[in-house]
Amino acid sequence: MEILLAGLRAAGEATRLRLLHALGQSDLTVSELTQILGQSQPRISRHLKLMVEAGLLDRHREGAWVFYRLADRGDQGGLVQAIARLIPLDDPEIARDTARLSAIRAERREAASDYFASIAANWHQIRSRHVPEAEVESAILDMLVGVKRDRRLAHVVDLGTGTGRMLEIMAPFADQALGVDQSADMLRIARANLEAFGARHLRVRQGDLYHLALDQASADAVILHQVLHFLDHPAAAIKEAAQLLKPGGAMLIVDFAPHEFEMLRTEQAHRRLGLATSEVSAWCKAAGLGQIETRALEAGGPEQSGEMLTVNLWLARAGNRKPGKPQHG
Ligand SMILES: C[S@@+](CC[C@H](N)C(=O)[O-])C[C@H]1O[C@@H](n2cnc3c(N)ncnc32)[C@H](O)[C@@H]1O
């Protein structure tokens with residue numbers, strides 16, 4: 001009872017409810033929240049601090065940025081999620097906040113897609129500077145098709161496929177593989193690569209990871225390779241992606257471990273400086289996935305430069321829930 005009252009007291013104020021509403025849409029920094037609510041930074045920070053102390057919000061530092069998000073665990077996790085759902089969307093201030101948040105997200109998306117458009121042609125070189133790709137690709141195959149490479153997958157979906165490299169490596173093991181990406185420039189290169197590769201069972205199409213117009217419960221495996229660190233709401237993307245999996249299907253997330261290379265944010269449009277296993281596990285669990293397996297490929301080794309980053313692979317499986325209704329073809 002005391003915990004519930006403390007949570008309700010911490011949330012019970014108009015600005016705080018507006019903050020909870022905005023944070024229900026996206027993980028955000030203080031400066032973004034300041035723009036959205038149109039209030040001073042010290043004021044916003046004070047409200048945030050109070051709600052962090054009450055357990056309603058999680059605070060997460062990454063390099064120079066600090067993100068706030070609704071708690072999704074503990075006594076206050078359920079409460080704050082329920083409060084955020086009850087906030088009336090037709091309230092004039094909430095409607096204004098929603099419009100400003102949409103504008104900020106659109107600006108961010110535009111900056112990221114400008115970046116992807118500008119690097120599309122050189123993406124192969126950029127990705128190989130990050131980590132030893134052969135090692136990562138071999139680990140991906142170990143986890144999805146087994147070390148003996150004897151598992152066959154009927155349908156694989158690669159989300160944020162970029163130039164389609166994941167489709168190429170899955171080609172010998174999949175009856176069909178589909179890559180989805182929002183960047184027309186990336187997809188142009190992907191199509192050219194796949195044509196050169198000569199595999200007709202590999203396809204790409206334009207789409208948004210947050211709103212996938214694909215059949216639910218249709219994929220044996222979904223891959224998110226080096227994508228989540230660009231997103232402002234990775235949990236929502238994982239939830240959407242999980243809908244694609246057949247019961248027992250696997251989601252493979254490959255991304256950087258937490259790091260301090262701020263330049264990846266300023267120069268390469270990264271939003272997150274890597275992802276922690278604890279947060280990826282929580283997002284997968286919230287999306288109904290379980291049996292999470294993690295494998296870390298440590299950076300280092302004499303031949304690798306100091307700019308190499310540790311890459312983590314997380315494999316999570318869909319349970320035997322009822323398949324959802326098909327949406328689109
Ligand atoms: C770093 S690239 C990774 C490409 C590929 N997975 C690889 O490893 O080569 C990230 C890709 O995610 C795509 N992307 C980012 N946000 C997206 C979204 N909301 N919907 C669809 N694609 C998105 C970008 O266009 C980009 O091609």
Side-chain angles (χ1 to χ4, degrees), residues 25-27 102 104-141 143-144 156-171 177-194 197 202-214 221-241 243-244 251-256 259 261 264-265 267-275 297 309 311-314:
Q25 321 301 308
S26 179
D27 299 353
S102 304
I104 287 177
R105 294 175 90 175
E107 262 168 42
R108 256 197 244 136
R109 266 200 304 276
E110 211 168 300
S113 56
D114 284 354
Y115 168 71
F116 288 119
S118 70
I119 60 145
N122 299 322
W123 175 240
H124 272 303
Q125 286 101 302
I126 289 180
R127 71 206 287 285
S128 64
R129 259 186 246 143
H130 289 161
V131 276
E133 283 302 319
E135 203 185 324
V136 178
E137 293 180 357
S138 163
I140 290 172
L141 292 179
M143 289 179 98
L144 285 178
V156 173
V157 180
D158 179 32
L159 297 174
T161 195
T163 53
R165 176 64 189 157
M166 289 298 113
L167 299 176
E168 289 178 18
I169 73 162
M170 292 309 294
L178 172 69
V180 179
D181 204 287
Q182 69 183 5
S183 161
D185 297 275
M186 281 291 194
L187 289 177
R188 200 165 31 77
I189 313 261
R191 287 197 178 92
N193 286 345
L194 296 180
F197 192 71
L202 310 179
R203 290 171 303 133
V204 289
R205 71 158 74 157
Q206 196 165 23
D208 181 359
L209 300 187
Y210 294 115
H211 306 284
L212 291 167
L214 298 175
V222 170
I223 303 174
L224 280 155
H225 178 256
Q226 299 293 10
V227 176
L228 292 184
H229 63 247
F230 290 106
L231 302 185
D232 56 8
H233 204 356
I238 290 179
K239 203 165 184 185
E240 182 76 4
Q243 302 292 318
L244 302 181
M251 181 178 300
L252 183 68
I253 297 168
V254 185
D255 221 302
F256 298 124
H259 62 82
F261 292 102
L264 290 179
R265 199 174 257 155
E267 291 173 21
Q268 297 194 18
H270 289 209
R271 176 143 175 89
R272 315 297 306 265
L273 296 185
L275 304 170
L297 301 177
L309 298 163
V311 169
N312 277 331
L313 295 89
W314 297 276

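Computed over heavy atoms, backbone and side chain alike; hydrogens, waters and symmetry mates excluded. What you are looking at is a predicted structure, and each value in this text was computed from that prediction instead of being measured. When a ligand or atom number is given, it counts from 1 through the structure's own listing order.
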Which atoms of ligand 1 are found less than 4.0 Å from any heavy atom of Gln226? 1 (C), 2 (S), 3 (C), 10 (C)
Under 4.0 Å, counting heavy atoms only: does Met186 come that close to any atom of ligand 1? yes
Within-cut-off N or O pair, Val227 and ligand 1, under 3.5 Å: no
Side chains of Leu209 and Gln182 in contact at under 4.5 Å (non-hydrogen atoms): no
Report the part of Thr161 in contact with ligand 1, treating N, CA, C, O as backbone and CB onward as side chain, heavy atoms under 4.0 Å; options are side chain, backbone, both, neither. backbone
Could you tell me, atom by atom, which parts of ligand 1 come under 4.0 Å of a heavy atom of Phe230? 1 (C), 10 (C)
Under 3.5 Å, N or O to N or O, is His225 touching ligand 1 that way? yes
Any pair counted as salt bridge (charged side-chain N to carboxylate O under 4.0 Å, His left out), so long as it reaches residues 177-187, sequence neighbours left out: Asp185-Arg188
By number and element, which atoms of ligand 1 are closer than 4.0 Å to a non-hydrogen atom of Asp208? 18 (C), 19 (N), 20 (N)
Gly162, Gly160, Ala184: member with heavy atom nearest to atom 12 (O) of ligand 1: Gly160
Atom 20 (N) of ligand 1: which of Leu209, Leu212, Thr163 has the nearest heavy atom? Leu209
Any side-chain heavy-atom pair from Leu275 and Asn312 closer than 4.5 angstrom? no
List every atom of ligand 1 that sits less than 4.0 Å from any heavy atom of Leu231, numbering the atoms from 1 in the order shown and giving each element. 16 (N)
Partners meeting side chain to side chain donor-acceptor pair (under 3.5 Å) with Asp232 (sequence neighbours left out): Arg105, Arg108, Tyr210
Could you say whether the N/O atoms of Asp181 and ligand 1 ever approach to under 3.5 Å? yes
Just by modelled atom types, is the Ala177 backbone N or O under 3.5 Å from a matching donor or acceptor in the Asp158 side chain? no
So Val180 and Leu214, do their side chains get closer than 4.5 Å, heavy atoms only? yes
Parallel, tilted or perpendicular: which describes the rings of His259 and Phe261, with under 30° parallel and over 60° perpendicular? tilted
Main chain of Leu187, side chain of Gln206: is a donor-acceptor contact present, judged purely on distance under 3.5 Å? no
Below 3.5 angstrom, do we get any N/O pair linking Gln182 and ligand 1? yes
Could you establish whether Gly207 and ligand 1 come within less than 4.0 Å of each other, counting only heavy atoms on the residue side? yes
Backbone or side chain, does any N or O of Val180 fall under 3.5 Å from an N or O of ligand 1? no
For Arg271, does its backbone N or O pair with a side-chain atom of Arg265 as donor and acceptor, under 3.5 Å? yes
